[in-house]
Trainee: 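Handing you a structure now.
Residues take their numbers from the sequence shown, with the count starting at 1.
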Amino acid sequence: GHVDGRRTQVYTVEVDGGKPKQLTHGDFDNHSPVWTPDGKIVFISDRTPHHDQHVNYQVYLLDPESGEENKLTDTKGAFYRPAVSPNGEWVAVQHVKRSLTCNDSVSEDSHLWAIELKTGYEKPLSEYLDRPVYSHTWTPDSKPLYVANNQGMFNLYLGDFDGSYILLTRESSMIPWGCAPSMAKTT
């Protein structure tokens with residue numbers, strides 16, 4: 001566990017200041033919160049009995065007004081880095097299928113998945129890509145955009161919900177390590 005025994009929790013605070021309102025509780029870490037367009041919060045948490053020994057992060061949806069939580073996933077492995085689609089229907093997450101024993105091993109076998117926010121339906125998006133996904137975001141029309149590692153070279157891919165993808169960069173124009181995709185709206 002943590003040396004000080006404290007756990008990370010999700011809070012909100014008014015934009016103009018004030019006392020933070022704690023939204024999650026318990027003897028486990030709740031982290032990586034992102035807002036949905038309709039005002040709910042997606043976050044990651046491992047609530048298994050031995051969460052300090054094995055990493056099993058799952059995706060949760062929280063209504064900050066009522067405090068109601070809904071566990072969206074229940075799949076072996078770990079989900080992390082949530083990003084909500086612009087249309088508010090999906091959350092993209094990176095997923096490692098195998099059992100983990102520490103946070104440092106997640107990038108070895110990371111693939112992109114989409115979770116439907118209304119139903120919790122889990123859809124692998126990069127299963128046909130034989131390389132780990134490094135980072136991801138959404139296009140303005142809610143298509144997955146992600147960076148994958150190919151033997152130390154990072155390239156940008158535009159994905160679709162059928163698992164297909166388009167390689168947007170080539171080795172000669174590969175992106176630097178550590179970069180994450182971002183979208184800008186142009187007129």
Side-chain angles (χ1 to χ4, degrees), residues 7-26 28-47 56-75 77-96 106-107 110-127 129 133-148 156-166 168 175 178-187:
R7 300 292 180 180
T8 57
Q9 302 296 340
V10 177
Y11 292 80
T12 57
V13 65
E14 295 296 324
V15 175
D16 57 356
K19 184 177 178 180
K21 177 183 174 186
Q22 186 172 346
L23 301 177
T24 60
H25 305 274
F28 31 76
D29 294 311
N30 300 293
H31 56 87
S32 306
V34 292
W35 289 96
T36 65
D38 65 351
K40 294 191 171 74
I41 299 171
V42 173
F43 68 97
I44 304 294
S45 185
D46 182 353
R47 299 183 178 184
N56 188 29
Y57 291 132
Q58 300 298 315
V59 181
Y60 289 79
L61 183 65
L62 168 69
D63 181 333
E65 296 301 317
S66 70
E68 182 182 342
E69 290 182 8
N70 183 20
K71 185 178 181 183
L72 295 177
T73 60
D74 193 15
T75 301
F79 292 98
Y80 58 104
R81 293 185 179 152
V84 176
S85 64
N87 66 13
E89 295 177 12
W90 299 89
V91 57
V93 285
Q94 286 170 240
H95 180 248
V96 178
V106 295
S107 64
S110 176
H111 294 279
L112 187 63
W113 286 42
I115 312 300
E116 190 174 28
L117 289 172
K118 285 185 181 176
T119 65
Y121 171 70
E122 301 173 15
K123 174 79 176 149
L125 297 179
S126 68
E127 66 183 336
L129 187 66
V133 171
Y134 175 76
S135 61
H136 62 274
T137 190
W138 294 94
T139 63
D141 61 346
S142 294
K143 291 196 180 216
L145 185 68
Y146 50 96
V147 174
L156 186 62
Y157 297 82
L158 176 63
D160 209 332
F161 283 90
D162 64 1
S164 65
Y165 57 88
I166 299 169
L168 298 177
I175 58 177
C179 287
S182 179
M183 293 300 301
K185 210 173 199 180
T186 60
T187 55

Trainee: Has Ser110 got a side-chain atom pairing as donor or acceptor with Val133's backbone, closer than 3.5 angstrom?
Mentor: yes
Trainee: Is there side-chain contact between Thr36 and Leu61, with at least one heavy-atom pair below 4.5 Å?
Mentor: yes
Trainee: For Asp29, does its backbone N or O pair with a side-chain atom of Ser45 as donor and acceptor, under 3.5 Å?
Mentor: yes
Trainee: Mark yes or no for whether Gln58, through its side chain, and Thr75, through its backbone, hold a donor-acceptor pair below 3.5 Å.
Mentor: yes
Trainee: For Glu122, does its backbone N or O pair with a side-chain atom of Trp113 as donor and acceptor, under 3.5 Å?
Mentor: no
Trainee: On a heavy-atom basis, which atom in Val59 and which in Val93 lie closest, and how many Å separate them?
Mentor: CG2-CG1, 4.0 Å
Trainee: Parallel, tilted or perpendicular: which fits the ring planes of Phe161 and Trp138, with parallel below 30° and perpendicular above 60°?
Mentor: parallel
Trainee: Any chance you could measure Tyr57, atom OH, to Asn30, atom CG, to the nearest 0.5 Å?
Mentor: 10.5 Å
Trainee: Would you confirm whether Gln9, through its side chain, and Gly26, through its main-chain N or O, come within 3.5 Å as a donor-acceptor pair?
Mentor: yes
Trainee: Kindly give the heavy-atom pair with the smallest separation between Ser142 and Ser85, and that separation in Å.
Mentor: OG-CB, 3.8 Å
Trainee: On a heavy-atom basis, which atom in Ile115 and which in Phe79 lie closest, and how many Å separate them?
Mentor: CD1-CE2, 4.1 Å
Trainee: Please report the C-alpha distance between Tyr157 and Tyr146 in whole Å, then the side-chain angles of each, then the deciding distance to 0.1 Å, and finally whether the ring pair (Phe, Tyr, Trp, His ring centres under 6.0 Å) criterion is met.
Mentor: CA-CA 5 Å; Tyr157 297 82; Tyr146 50 96; 5.8 Å; yes
Trainee: To the nearest 0.5 angstrom, please state how far the CZ atom of Arg7 sits from the OG1 atom of Thr24.
Mentor: 12.5 Å
Trainee: With distance as the sole test, does His136 use its side chain to make a donor-acceptor pair with the main-chain N or O of Arg81 at under 3.5 Å?
Mentor: yes
Trainee: For the CG atom of Asp63 and the CD atom of Glu69, what is their distance to the nearest 0.5 Å?
Mentor: 10.5 Å
Trainee: Looking at CG of Leu112 and CG of Leu145, how far apart are the two atoms once the value is rounded to the nearest 0.5 Å?
Mentor: 10.0 Å
Trainee: Stepwise, does the side chain to side chain contact (heavy atoms under 4.5 Å, CB included) test hold for Tyr11 with Leu23?
Mentor: CA-CA 5 Å; Tyr11 292 80; Leu23 301 177; 5.9 Å; no
Trainee: Less than 4.0 Å between a side-chain N and a carboxylate O, is that true for Asp141 and Lys143?
Mentor: no
Trainee: Say you draw a straight line from OH of Tyr165 to OG of Ser126; how long is it, rounded to the nearest 0.5 Å?
Mentor: 9.5 Å
Trainee: Can you give me the closest heavy-atom contact between Ala148 and Leu129, atom names plus distance?
Mentor: CB-CD2, 3.7 Å
Trainee: Can you tell me if NZ on Lys118 sees more than 12 non-hydrogen neighbours from other groups inside 6.0 Å?
Mentor: no
Trainee: Looking at Phe43 and Pro33, what are the two nearest heavy atoms and their distance?
Mentor: CB-CA, 4.1 Å
Trainee: Rounded to the nearest 0.5 Å, what separates atom CD in Gln94 from atom CG in Leu125?
Mentor: 11.5 Å
Trainee: Of all the heavy-atom pairs spanning Ile44 and Pro82, show the shortest one and how long it is.
Mentor: CG1-CD, 3.9 Å
